[in-house]
2 protein chains.
Amino acid sequence: MATQTEKCAGEAQSFERFGAAMLSGKVSDSAYLRFQSLAAYRQINAGETVPNMDLADRFVFLASGATKLVAEASGGREQVVAFHFADDLVSIPARGPHGYTLRALTDCDILVFPSLEFMQIAHTEPVTLGEVARRALHALWRCREKAVLLGRKTAQERIASFLIATARRIGSIERGACVLSLPMSRRDIADSLGLTTETVSRQFTDLRQMGLIATSGRSEVRLLDIAGLVARSGNFSIAA
Amino acid sequence: MATQTEKCAGEAQSFERFGAAMLSGKVSDSAYLRFQSLAAYRQINAGETVPNMDLADRFVFLASGATKLVAEASGGREQVVAFHFADDLVSIPARGPHGYTLRALTDCDILVFPSLEFMQIAHTEPVTLGEVARRALHALWRCREKAVLLGRKTAQERIASFLIATARRIGSIERGACVLSLPMSRRDIADSLGLTTETVSRQFTDLRQMGLIATSGRSEVRLLDIAGLVARSGNFSIAA
DNA sequence: CGTGAGCTTGAGGATATTCAAAACTAGTGG
DNA sequence: CCACTAGTTTTGAATATCCTCAAGCTCACG
């Protein structure tokens with residue numbers, strides 16, 4: 001369970017958070033100052049896209065809020081490649097077979113860095129470079145898990161896996177049950193899981209009727225039976 | 001077009017390759033020696049699995065040959081998460097929702113490192129640490145492209161995308177056309193693209209009948225019309 | 001409250017799967 | 001060198017899951 005959407009709303013606080021996450025708290029040395037002068041601080045409103053300044057690769061540090069990284073295929077098809085929350089570092093490729101855009105799910109405070117220069121500074125600061133490597137490997141791990149989900153799981157397994165994985169990141173305990181306040185819409189979930197909104201909806205109702213979850217409003221989901229969800233997530237287990 | 005399956009077959013050559021790739025050629029300093037004493041050199045025959053020594057995360061450096069990283073979901077369903085070729089560094093998580101195994105597609109020379117200790121040494125060698133970060137980000141980029149493919153593309157688009165992406169890695173030019181000698185079976189391709197062998201087969205025949213590719217034997221594929229393949233790959237383009 | 005976007009539900013249809021069998025490779029031994 | 005075999009690949013027919021299209025409903029916001 002991670003630190004949630006603490007309102008941050010400020011350039012100073014955003015840099016502080018960046019220093020704590022990427023520089024092990026050293027908020028006064030020369031590397032820090034160089035990172036600071038390289039960064040572009042932005043406040044992004046919910047629904048807006050992080051502007052694509054130049055045509056270079058970028059790192060975006062998310063100081064507060066939640067975002068989605070969207071890849072576009074031909075025919076306007078969109079795939080949500082990842083969701084991000086406070087303290088996440090997002091790597092955004094400039095170009096490729098698919099166009100990438102980072103969109104805010106909630107109001108966000110972000111720091112935007114050009115990748116090349118960022119990595120040059122990082123090379124003088126092993127802690128930061130190690131942090132980049134660690135985070136990249138972790139993102140890779142998440143992406144691989146998603147590949148399994150997209151390649152081999154049924155609609156129901158995808159929803160169950162999504163709920164479990166999301167609970168780990170932004171779930172909170174309330175009266176014994178795990179409660180999620182999802183910042184993303186059904187369409188975002190569908191685009192993330194390779195489904196349609198209709199299918200997502202249907203699976204939510206099915207899980208509800210099975211007594212595994214309860215929903216209230218558009219965004220709140222209570223996980224009533226986590227073991228039951230895991231059993232239906234298609235995850236590999238020794239007992240399978 | 002990368003350096004292909006140069007037979008390497010030897011512990012010394014494997015370490016040399018590792019040094020060239022990860023230490024910018026410095027094959028005599030202390031970090032190199034520490035990496036060397038940490039590594040386990042192995043020759044793996046085609047079809048065999050890289051043994052899962054202990055229960056820790058591992059890095060595998062592939063000095064020669066080709067491998068696939070397979071994730072297992074429940075019910076024996078397998079997803080090929082990535083293919084690797086000479087000089088690739090593979091990060092293998094110990095545990096998680098899905099079990100990971102690295103299997104050799106051809107005979108391989110590999111170096112196996114425990115991740116934790118590897119990263120500790122890397123922290124004293126910025127070049128290596130930067131290389132880990134660079135490679136992890138590149139692997140992440142590939143995995144994201146795969147997520148788009150698995151989430152939003154038709155069977156035909158998946159095959160076309162696969163052929164184009166694979167040509168970039170191991171394609172060779174022969175009399176004007178690009179020729180692939182695929183080290184993986186139809187089942188491997190299917191498990192990589194989230195399809196069945198039957199569907200892969202059918203799409204190969206379709207592309208053959210369209211005159212976009214020609215095949216001979218099990219493994220050789222000639223790309224006769226790369227522009228045509230790109231047009232059918234579902235990739236985002238401005239003209240879409 | 002009223003309005004509109006987002007969510008849910010239903011019926012019909014398409015793509016890829018499943019099941020089954022034939023054809024082809026590539027390796028083996030006569 | 002050819003026949004033989006085991007495994008892989010290809011082809012075919014029937015089925016299932018998820019998608020598409022369409023309509024009603026709900027929630028969140030003004």
Side-chain angles (χ1 to χ4, degrees), chain A residues 45-47 68 73 75-80 103 105-107 149-162 180-210 213-221 232 234, chain B residues 45-47 68 73 75-79 105-107 149-162 180-210 213-221 232 234:
Chain A
N45 295 323
K68 59 174 174 177
R77 290 171 290 181
E78 292 193 338
Q79 172 68 38
V80 171
R103 296 218 189 97
L105 297 172
T106 66
D107 294 353
L149 180 150
L150 293 171
R152 287 286 174 246
K153 290 190 181 178
T154 65
Q156 185 162 120
E157 291 172 335
R158 294 181 199 206
I159 300 290
S161 301
F162 166 77
L180 295 180
S181 180
L182 299 175
M184 67 290 277
S185 67
R186 295 288 186 269
R187 161 156 288 280
D188 291 331
I189 297 172
D191 285 344
S192 168
L193 303 181
L195 301 169
T196 58
T197 54
E198 294 94 326
T199 303
V200 172
S201 235
R202 277 185 251 273
Q203 296 305 330
F204 265 99
T205 358
D206 288 359
L207 291 177
R208 206 183 301 121
Q209 287 174 347
M210 288 184 217
I213 63 169
T215 58
S216 81
R218 264 161 184 150
S219 57
E220 195 177 301
V221 181
R232 270 159 234 281
Chain B
N45 295 324
K68 60 174 174 177
R77 291 171 292 180
E78 294 193 337
Q79 173 68 37
L105 297 172
T106 66
D107 294 352
L149 179 149
L150 293 170
R152 287 289 176 241
K153 290 190 181 179
T154 65
Q156 185 160 118
E157 290 172 336
R158 294 181 197 205
I159 300 291
S161 301
F162 166 77
L180 294 182
S181 181
L182 300 175
M184 67 290 278
S185 67
R186 295 288 187 268
R187 162 157 286 280
D188 291 331
I189 297 172
D191 285 344
S192 168
L193 303 181
L195 302 169
T196 58
T197 53
E198 292 95 323
T199 304
V200 171
S201 234
R202 277 184 251 274
Q203 295 306 330
F204 265 99
T205 10
D206 289 358
L207 292 176
R208 207 184 298 121
Q209 288 173 348
M210 289 182 215
I213 63 169
T215 59
S216 81
R218 267 163 181 151
S219 55
E220 196 177 300
V221 181
R232 269 160 237 280

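No experiment lies behind these values; they were computed from the predicted model shown. Proteins come first, then strands; the chains are lettered A, B, ... in the order of their sequence lines, and each starts at number 1.
- If you take CD of A:Q156 and P of D:dC18, they are 9 Å apart, rounded to a whole angstrom.
- At the phosphate of C:dG6, neither OP1 nor OP2 sits under 4.0 Å from any side-chain N or O atom of A:S185.
- Between A:G217 and A:R152, the residue whose closest nucleotide on DNA chain C is further toward the 5' end is A:G217.
- Listed candidates were C:dC7, D:dC18, D:dT20. Nearest to the side chain of A:A155 is D:dC18.
- Atom-to-atom, CG of A:L207 to C1' of C:dT9 comes out at 16 Å; the value is rounded to the nearest Å.
- In this structure, the CD atom of B:Q203 is 13 Å from the C1' atom of D:dT10, given to the nearest Å.
- Residue B:R186 is in sugar-phosphate contact alone, with no base atom involved, counting any heavy-atom pair closer than 4.0 Å across all strands shown.
- Taking the charged nitrogens against the carboxylate oxygens, A:R77 and B:E157 do have a contact shorter than 4.0 Å, which makes a salt bridge.
- Taking atom CZ on B:R202 and atom C1' on C:dA22, their separation rounds to 14 Å, with Å as the unit.
- Between A:S216 and A:T154, the one whose closest nucleotide on DNA chain D sits nearer the 5' end is A:T154.
- For the pair A:L150/B:Q79, no side-chain contact is recorded, criterion being any heavy-atom separation below 4.5 Å from C-beta on.
- Distance B:R158 CZ to C:dT17 P: 8 Å, rounded to the nearest Å.
- In this entry the distance linking CD of B:E220 with P of D:dT9 reads 15 Å, nearest Å.
- When each of D:dT20, D:dT9, D:dT11 is scored by its nearest atom to the side-chain atoms of B:T205, the top-ranked nucleotide is D:dT11.
- Between the CG atom of A:L182 and the C1' atom of C:dC7 there is a distance of 14 Å, rounded to whole Å.
- Nucleotide C:dT15 holds its C1' atom 13 Å from the CG atom of B:D206, rounded to whole Å.
- Note on B:T199: a base of the nucleic acid sits closer than 4.0 angstrom, heavy atoms only.
- By the 4.0 Å N-to-carboxylate-O rule, A:R103 lies close enough to A:E78 to be salt-bridged with it.
- Comparing D:dT9, C:dC19, C:dA16 by their closest approach to the side chain of B:E198 singles out C:dC19.
- For B:R186 (side chain) and B:V200 (main-chain N/O), no donor-acceptor pair under 3.5 Å exists by modelled atom type.
- A:R208 comes within 4.0 angstrom of the backbone, heavy atoms only, and of no base.
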Criterion side-chain contact (heavy atoms from CB on, under 4.5 Å) on B:Q156 and B:M210, from CA distance to verdict: CA-CA 12 Å; B:Q156 185 160 118; B:M210 289 182 215; 3.3 Å; yes
